[in-house]
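As the structure is a prediction and not an experimental result, all values here were calculated from the model. First the proteins, then the strands, lettered A, B, ... as listed; each starts at 1.
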Number of protein chains: 2
Amino acid sequence: MAAKKKTSWSIGELAREFDVTTRTIRFYEDEGLLEPARRGQTRIYSAADRTALKLILRGKRLGFSLAESRQLIQMYNPDANRAQIEALLAKIHERRAQLTQQLRDIEVMQLELDEAEQRCLESLK
Amino acid sequence: MAAKKKTSWSIGELAREFDVTTRTIRFYEDEGLLEPARRGQTRIYSAADRTALKLILRGKRLGFSLAESRQLIQMYNPDANRAQIEALLAKIHERRAQLTQQLRDIEVMQLELDEAEQRCLESLK
DNA sequence: GGGAAAGCTTACGTTAACGTAAAGTTATTG
DNA sequence: CAATAACTTTACGTTAACGTAAGCTTTCCC
């Protein structure tokens, strides 16, 4: 038997998996970042929703705002006209520039942490 | 003549150099992140203040809170007893772990941007 | 089948990180 | 030497990103 891949999730399952509250997940929906299906009242999340959530949280770890993550999610949907796509391309370049800057910042900060650690170890002797 | 190194700055000079408002700089002081000297009422910033500000802003670009940056600044001052220094060491390790995670996140996100760009370019043909 | 667990909506509360405005005091400069 | 630019304090306002609580419905489990 091939292992059946899970294709839908409840809000609680996602909350546990990604260690956020259900409130947070519903908030992201209010903000238009997630669009779960419904069975009656109950939300049902697809693999796409799950991916979007992953993307949002990764963005958060990098200090992105939800507005920025919203743009990232849009980059996953190629449902746009020429003008919109060119706008997307511009945003992609912006993000890349930001990531490059962050890489530089991380390098510098790692060095500084190294030095700070040295000073700490020194002063413990 | 040897070039004279600047050793003090006004709030306006720092604001221009780092592209923040004076309000922001004063706010950081309220929060205990900067401790400028005074000539009369007027604030005078030292090289150390300038370094701290740089550190805060670098932290911001990486999504650090001011509380976290405060800790980073403390790592620059070795004026602590044994217990405090060991606490510092622990925080240094935490930060390093976070930076490592951020590096991973950046790598993934760069790949995703590459793919998104490909899709955009495709749909423009 | 009855109670706990999970889900739902609505709505007000909270915190961080400044913005903005008012009103006054020094510094600079044509 | 006057005006304008730069600085000051005090204080209320704002936005993002949820937290928290109340009250109700649905689902699961023994």
Partners passing side chain to side chain donor-acceptor pair (under 3.5 Å) against [X] (at least two apart in sequence or in another chain):
{"X": "B:E112", "answer": "A:R58, A:Y76"}
{"X": "B:E17", "answer": "B:R50"}
{"X": "A:S69", "answer": "none"}

Task: Side-chain heavy-atom pair B:L103, A:L103 within 4.5 angstrom cut-off - done: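 B:L103 vs A:L103: side chains touch.
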Task: Sorted by number, the residues of residues 22-46 of chain A with heavy-atom contact under 4.0 Å to DNA chain D - done: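 Within residues 22-46 of chain A, the residues near DNA chain D are A:R23, A:T24, A:F27, A:Y28.
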Task: For DNA chain D, the residues among residues 7-14 of chain B that have a non-hydrogen atom under 4.0 Å from it - done: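 Under 4.0 Å from DNA chain D: B:S10, B:I11, B:G12.
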- [ ] Locate the shortest heavy-atom distance separating A:M75 from B:R119; write the atom from each residue and the value.
- [x]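 Distance-wise, the nearest heavy atoms are O-NH2, 3.0 Å.
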[X]: which residues meet the salt bridge (charged side-chain N to carboxylate O under 4.0 Å, His left out) condition with it, sequence neighbours left out?
{"X": "B:R26", "value": "none"}
{"X": "A:R70", "value": "none"}
{"X": "B:D49", "value": "none"}
{"X": "A:E13", "value": "A:K6"}

Open item on the list: Reading DNA chain C from 5' to 3', where do the contacts with chain A start and stop? Cut-off is 4.0 Å to heavy atoms.
Closed with: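 That gives a stretch of C:dG7 to C:dA11.
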Sequence neighbours left out, cut at 3.5 Å: what donor-acceptor pairs do the side chains of residues 32-43 of chain A make with other protein atoms?
unit_1 : atom_1 : unit_2 : atom_2 : d
A:R38  : NH1    : A:Q41  : O      : 2.8
A:R38  : NH2    : A:E29  : OE2    : 3.4
A:R43  : NH1    : A:E29  : OE1    : 2.6

TODO: Determine whether more than 12 heavy atoms belonging to other residues, nucleotides or ligands lie under 6.0 Å from atom CG of A:D30.
DONE: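 Count over threshold, so yes.
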- [ ] Please lay out, stage by stage, how A:D114 and A:Q118 fare under the test side chain to side chain donor-acceptor pair (under 3.5 Å).
- [x] CA-CA 6 Å; A:D114 289 349; A:Q118 283 313 309; over 6 Å; no
Open item on the list: Counting only heavy atoms and a strict 4.0 angstrom limit, can you tell me which residues of residues 48-73 of chain A come near DNA chain C?
Closed with: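 Listed by number, there are none.
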